[in-house]
Amino acid sequence: MKKAFIKSYGCQMNVYDSGRMADVMAAEGYGEATTPEEADLVILNTCHIRERAAEKVYSELGRLNVMKRERAAEGRETRVVVAGCVAQAEGREIVRRAPVVDAVVGPGGYHRLPALLREAETRPGAVDAEFDQVEKFAALPRPSPERIRRGVSAFLTVQEGCDKFCAFCVVPYTRGAEMSRPVAALLEEARGLLASGVRELTLIGQNVNAYHGEGPDGRAWSLARLLEALAGLPGVARLRYTTSHPLDMTDDLLAAHAAIPALMPYLHLPVQAGSDRILKAMNRRHDAATYRRLIDRIRAARPDMALSSDFIVGFPGETEADFEATMQLVRDVGFAASFSFKYSPRPGTPAADAAGQVPAAVMDARLQVLQAQLEIDRQRHMRAMVGRTTSVLIERAGRHPGQLTGKTPYLHQVQATGLAAAIGDVVAVRVTETAPNSLFAEAVLAGGDAGREAA
Ligand code: 5AD
Ligand code: SF4
């Protein structure tokens with residue numbers, strides 16, 4: 001049997017897509033390889049968000065080139081496909097730079113992968129960079145739960161693409177315009193996942209809270225309505241969604257956080273920067289005060305809500321004062337976890353040739369200051385868990401005998417002892433201690449408490 005090896009770079013959407021591509025190739029008779037060495041087909045599912053991510057692909061292609069040649073000398077064929085956002089952004093340029101590549105396919109064309117590979121047999125270097133998300137989801141084989149779940153937790157792509165056009169971001173170009181999958185298809189996919197033991201669904205999309213898919217009633221459903229419908233499916237313990245734009249945090253979504261117990265009180269809501277001038281230059285279409293007010297409203301709806309964000313330092317034109325405004329926002333909000341990046345000019349985006357590019361050394365220094373503060377806040381949030389009773393979704397056996405490990409509502413990894421629980425259970429624990437990247441906890445045994453609760 002032939003085997004395919006698929007390597008994912010970048011975001012969760014790629015992880016999900018890799019699962020769907022594995023299904024497409026399984027229908028063509030390909031098994032899954034765990035290393036490139038044992039594969040007949042290697043697919044790199046790439047990320048274009050920052051320069052470093054995109055460059056990783058070319059170093060991997062260099063290694064694959066050596067492997068392909070060695071194998072060719074032994075009479076064995078290796079086919080190499082570049083998929084994902086670099087494929088979409090660079091297309092034919094990839095084949096020019098790396099002739100080892102047999103085919104290039106953008107995120108809109110995964111359902112056409114087998115046809116493209118057949119085409120590449122006679123025309124190596126075939127490229128498919130058509131956008132056709134609607135057709136894609138209709139044509140892809142039913143997702144197999146094994147491939148798109150991580151144990152008890154699974155991703156569900158509900159939305160793809162973005163119409164926001166932040167000035168630094170390639171996503172609107174590589175993933176195309178915003179499109180939402182119909183509710184019925186999502187409920188069906190969710191049922192399949194839940195039937196196979198999944199307890200937690202993370203709805204994913206580049207701009208997931210802009211979701212407006214067609215409901216069974218023929219009308220556009222909001223993310224809040226979709227969440228409500230998913231929460232009603234048997235077997236759902238936890239729901240999450242990511243990534244969101246502040247402008248699309250609608251009233252009904254805030255209300256959903258108050259009303260749906262399965263919806264976890266943890267929200268990734270990137271702000272990127274805290275200076276109004278920079279937010280404007282970034283085309284974020286909100287200011288820092290609006291973001292702060294939004295956070296207050298979210299916390300009013302769900303007092304135990306924790307927040308995480310993405311930040312960019314060194315956006316063109318960023319002064320010390322602008323950076324200080326970001327630091328002030330960070331100190332004011334107190335994020336539970338965050339991702340932060342140096343600005344990376346991306347070809348084709350408006351900011352790439354804006355005036356006032358910030359020197360690398362300045363970006364380095366600012367990133368260090370920001371990350372030190374974000375780490376303090378992350379640790380503070382973890383320490384605040386100590387002594388508290390929280391729920392854990394059990395994922396697997398823990399590091400030591402008698403331990404089980406799983407996640408809190410805030411995605412902390414927990415090592416818990418004394419539990420009589422099975423994988424997939426949601427149980428109450430009392431947090432006893434923190435380690436740099438995880439928590440320790442024990443069963444809650446107090447009078448009459450069975451140690452189980454809904455998430
Ligand atoms: N440079 C640096 N960071 C970027 N991001 C997106 N584009 C860029 C860029 N050109 C970051 C943003 C976004 C996250 C996924 O990646 O913070 O939220
Ligand atoms: Fe990129 Fe997100 Fe802005 Fe869309 S909203 S352009 S995906 S950063």
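When a ligand or atom number is given, it counts from 1 through the structure's own listing order.
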Salt-bridge present (E320, R366; N to O < 4.0 Å): yes
F165 ring center near H245 ring center (under 6.0 Å): no
Amino acids contacting ligand 1, non-hydrogen cut-off under 4.0 Å: I49, R50, F168, Q272, D310, I312, F341, K342, Y343, S344, R346
Pair Y30 + F5: ring centers closer than 6.0 Å: no
Test applied, side-chain hydrogen bond (donor to acceptor under 3.5 Å, both in side chains); reference residue, T405; option that passes from R399, Q413, E395: Q413
I43 side chain near L113 side chain, heavy-atom distance below 4.5 Å: yes
Name of the residue among F335, Y343, F339, F341 meeting ring-ring contact (aromatic ring centres under 6.0 Å, His included) with F311: F335
Residues S8, S18; criterion side-chain hydrogen bond (donor to acceptor under 3.5 Å, both in side chains); working and verdict: CA-CA 7 Å; S8 278; S18 291; 2.5 Å; yes
Residue-atom pairs from the protein, N, O or S only, that lie under 2.8 Å from atom 3 (Fe) of ligand 2: C166 SG
Cationic N near anionic O, under 4.0 Å, D377 to R380: yes
Neighbour count above 12 (heavy atom, 6.0 Å) for R52 CZ: no
